[in-house]
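Here's the structure we're looking at; comments come further down.
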Amino acid sequence: MRSLCILGSTGSIGVSTLDVVRRFPGKFRVRSLTAGRNVEKLAKQTREFKPDRIAVAEPDKVKDLRALLDGWTGDVLAGEDALCELAAEQESDYVVSAIVGAAGLMPTLAALEKGKLVGIANKEPLVMCGPLMQAAAEKAGATILPIDSEHSAVFQSARAGEKSELRKVVLTCSGGPFRQASADTMANATRREALSHPTWSMGAKITIDSATLMNKALEIVEAHFLFGVPYDGIHVWVHPQSIVHALVEFKDGSVVAQLGLPDMRLPIQYALTYPERWDGGLPVLPLERMANLVFEEPDRGRFPSLDFAYRAGQRGGTAPAVMNAANEVAVSAFLEDKIRFTRIFDLVGEALSKHAVKAMDSLETVLEADAWAREEVRKSCQ
Ligand code: NDP
């Protein structure tokens with residue numbers, strides 16, 4: 001039985017992970033759960049799954065949380081250190097990394113440093129410092145399993161050949177709500193319009209990232225670090241139906257793809273049951289009823305995000321961390337109605353242009369670059 005720590009259990013991925021757990025009674029034990037601020041949801045999950053320990057990132061929420069626990073007598077912890085403690089403790093052997101943004105870095109790293117199996121949905125830390133995370137994993141014997149649907153698809157498809165035979169990776173994306181919008185419509189897009197994703201139901205930050213294609217930009221870097229494919233071998237196609245999640249091309253010309261409904265429970269389940277496949281009763285893809293699967297080149301003029309990723313990735317060092325941090329602050333500013341939608345592109349581009357890239361020699365260097373970019377973008381949003 002795998003003993004789970006779920007970081008970010010109250011989010012979209014966290015809730016889907018618990019739904020997968022619910023489908024396999026006796027196969028998983030939930031050792032610990034963590035939340036940011038949503039104590040109502042954390043308390044409800046605690047009452048159902050009965051973990052031994054829970055933690056909330058915001059210490060001022062502990063009192064409210066305790067009041068909701070209804071006789072449950074496990075440990076309640078608070079703060080970032082507590083999240084790291086739960087991720088690292090030996091009583092869990094599998095950590096699901098599903099916090100949003102850079103906030104997930106330290107707990108995920110704590111799990112890797114203890115040599116655990118770590119299912120990673122939280123892509124931002126990988127973008128910030130993938131090589132440091134890989135090095136930590138290698139040193140401690142930890143295994144990283146991708147949960148992000150495209151990377152799960154690459155991971156699954158790549159098993160059809162040797163790593164040295166892999167020639168090209170194609171990540172697909174729906175194109176988001178502005179796939180066919182004019183530049184003018186995009187400039188004036190409201191928060192509600194940007195949050196209306198055509199195929200996936202996800203947390204707010206990744207939904208905005210999908211509307212700007214910054215999500216795909218982050219995924220290009222994530223794929224480079226996870227699979228060791230050079231940037232010029234990583235391609236993005238718009239595929240509005242979100243059925244083919246990624247394709248890999250081998251050097252003999254064979255293309256292998258993974259298909260599935262746009263439902264995160266499938267890649268989550270695969271990461272949890274790997275290397276086996278179990279029947280969790282998830283809805284099956286009715287491919288025979290699907291006509292017209294469409295693939296298009298992305299419009300890199302209206303969506304400069306992809307170029308940011310290739311630029312930051314090729315420059316290397318702290319550049320991807322700056323791209324990520326600038327985007328996180330810009331997305332928050334857009335969600336708070338402080339900036340226009342397309343200003344996100346300007347802010348990320350400006351931060352990348354101004355940044356003096358450093359080699360990624362330590363976590364401190366990465367965190368400094370992250371803090372610098374956040375401050376730059378905050379100043380520009382005032
Ligand atoms: P959500 O916004 O739905 O959930 C985020 C989770 O992180 C919540 O549990 C939230 O807690 C917690 N959290 C937020 N801020 C902090 C903080 N400062 N410290 C600790 N915990 C915090 O996000 P998603 O589930 O959509 O996404 C999670 C990650 O997975 C992201 O990196 C995303 O890119 C990636 N991903 C998501 C997919 C999806 O379908 N949703 C698909 C592929 C990847 P609370 O709500 O209690 O405040």
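Quick note: numbers below take in every heavy atom, side chains included, and nothing from hydrogens, waters or symmetry partners. Along the sequence shown, residues carry numbers from 1.
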Strictly distance-based, threshold 3.5 Å: is any side-chain N or O of [X] a donor or acceptor partner for the main-chain N or O of [Y]?
{"X": "Asn122", "Y": "Ile99", "result": "yes"}
{"X": "Glu165", "Y": "Glu162", "result": "yes"}
{"X": "Ser16", "Y": "Met264", "result": "no"}
{"X": "Ser92", "Y": "Ala88", "result": "no"}
{"X": "Lys116", "Y": "Ala87", "result": "yes"}
{"X": "Arg2", "Y": "Tyr94", "result": "no"}
{"X": "Thr143", "Y": "Leu117", "result": "no"}
{"X": "Thr185", "Y": "Ala181", "result": "no"}
{"X": "Ser3", "Y": "Glu91", "result": "yes"}
{"X": "Arg22", "Y": "Thr17", "result": "no"}

Does either side chain, that of [X] or that of [Y], offer a donor lying less than 3.5 Å from an acceptor on the other one?
{"X": "Ser157", "Y": "Gln258", "result": "no"}
{"X": "Arg374", "Y": "Ser332", "result": "no"}
{"X": "Gln241", "Y": "His239", "result": "yes"}
{"X": "Ser149", "Y": "Ser152", "result": "no"}
{"X": "Thr318", "Y": "His355", "result": "yes"}

If I take atom [atom1] from residue [X] and atom [atom2] from residue [Y], how far apart are they, to the nearest 0.5 angstrom?
{"X": "Gln180", "Y": "Asp299", "atom1": "CD", "atom2": "CG", "value": "11.0 Å"}
{"X": "Ile220", "Y": "Ser305", "atom1": "CD1", "atom2": "OG", "value": "9.0 Å"}
{"X": "Thr212", "Y": "Phe341", "atom1": "OG1", "atom2": "CZ", "value": "5.5 Å"}
{"X": "Leu259", "Y": "Leu287", "atom1": "CG", "atom2": "CG", "value": "6.0 Å"}
{"X": "Met290", "Y": "Ile243", "atom1": "CE", "atom2": "CD1", "value": "3.5 Å"}
{"X": "Asn327", "Y": "Met214", "atom1": "CG", "atom2": "CE", "value": "4.0 Å"}

Got [X] and [Y] here, is their nearest side-chain heavy-atom distance under 4.5 Å?
{"X": "Lys41", "Y": "Val15", "answer": "yes"}
{"X": "Ile54", "Y": "Ser32", "answer": "no"}
{"X": "Thr34", "Y": "Leu86", "answer": "yes"}
{"X": "Leu347", "Y": "Cys381", "answer": "yes"}
{"X": "Leu261", "Y": "Leu282", "answer": "no"}
{"X": "Thr365", "Y": "Met360", "answer": "no"}
{"X": "Arg47", "Y": "Trp72", "answer": "no"}
{"X": "Asn215", "Y": "Lys123", "answer": "yes"}

Any ion pair linking [Y] and [X] (charged N to carboxylate O, less than 4.0 Å)?
{"X": "Asp93", "Y": "Lys114", "answer": "no"}
{"X": "Lys205", "Y": "Glu124", "answer": "yes"}
{"X": "Glu350", "Y": "Arg343", "answer": "yes"}

Trace of the side-chain contact (heavy atoms from CB on, under 4.5 Å) decision for Arg192 with Leu195: CA-CA 5 Å; Arg192 205 159 67 95; Leu195 284 171; 5.9 Å; no
Closest non-hydrogen atom pair between [X] and [Y], with its separation:
{"X": "Met128", "Y": "Asn324", "answer": "CG-ND2, 3.6 Å"}
{"X": "Gly36", "Y": "Val56", "answer": "O-CG2, 3.1 Å"}
{"X": "Val236", "Y": "Pro298", "answer": "O-CD, 3.2 Å"}
{"X": "Pro125", "Y": "Gly101", "answer": "CD-O, 3.8 Å"}
{"X": "Ala194", "Y": "Ile208", "answer": "CB-CD1, 3.7 Å"}
{"X": "Ala189", "Y": "Phe334", "answer": "O-CE1, 3.9 Å"}

Would you please test Lys168 and Phe250 for side-chain contact (heavy atoms from CB on, under 4.5 Å) and show each step? CA-CA 7 Å; Lys168 177 172 162 182; Phe250 291 99; over 6 Å; no
Under 30°, 30 to 60°, or over 60°: which ring-plane class applies to [X] and [Y], parallel, tilted or perpendicular?
{"X": "Trp200", "Y": "His245", "value": "tilted"}
{"X": "Tyr231", "Y": "Tyr310", "value": "perpendicular"}
{"X": "Phe227", "Y": "His151", "value": "parallel"}
{"X": "Trp278", "Y": "Phe28", "value": "tilted"}

Here's a test for you: under side chain to side chain contact (heavy atoms under 4.5 Å, CB included), which of His224, Glu219, Gln134, Glu222 qualifies with Leu126? Glu222
Using the side-chain hydrogen bond (donor to acceptor under 3.5 Å, both in side chains) rule, take Gln156 and Arg277 through it: C-alpha gap first, then chi angles, then the decisive distance, then the call. CA-CA 11 Å; Gln156 295 182 55; Arg277 290 183 185 273; 2.9 Å; yes
The test is ring pair (Phe, Tyr, Trp, His ring centres under 6.0 Å); show your working for Phe303 and Phe178 and say whether it passes. CA-CA 10 Å; Phe303 296 98; Phe178 306 124; 7.9 Å; no
Apply side-chain contact (heavy atoms from CB on, under 4.5 Å) to residues Thr273 and Gln269 and explain how you reach the verdict. CA-CA 6 Å; Thr273 65; Gln269 182 179 300; 4.1 Å; yes
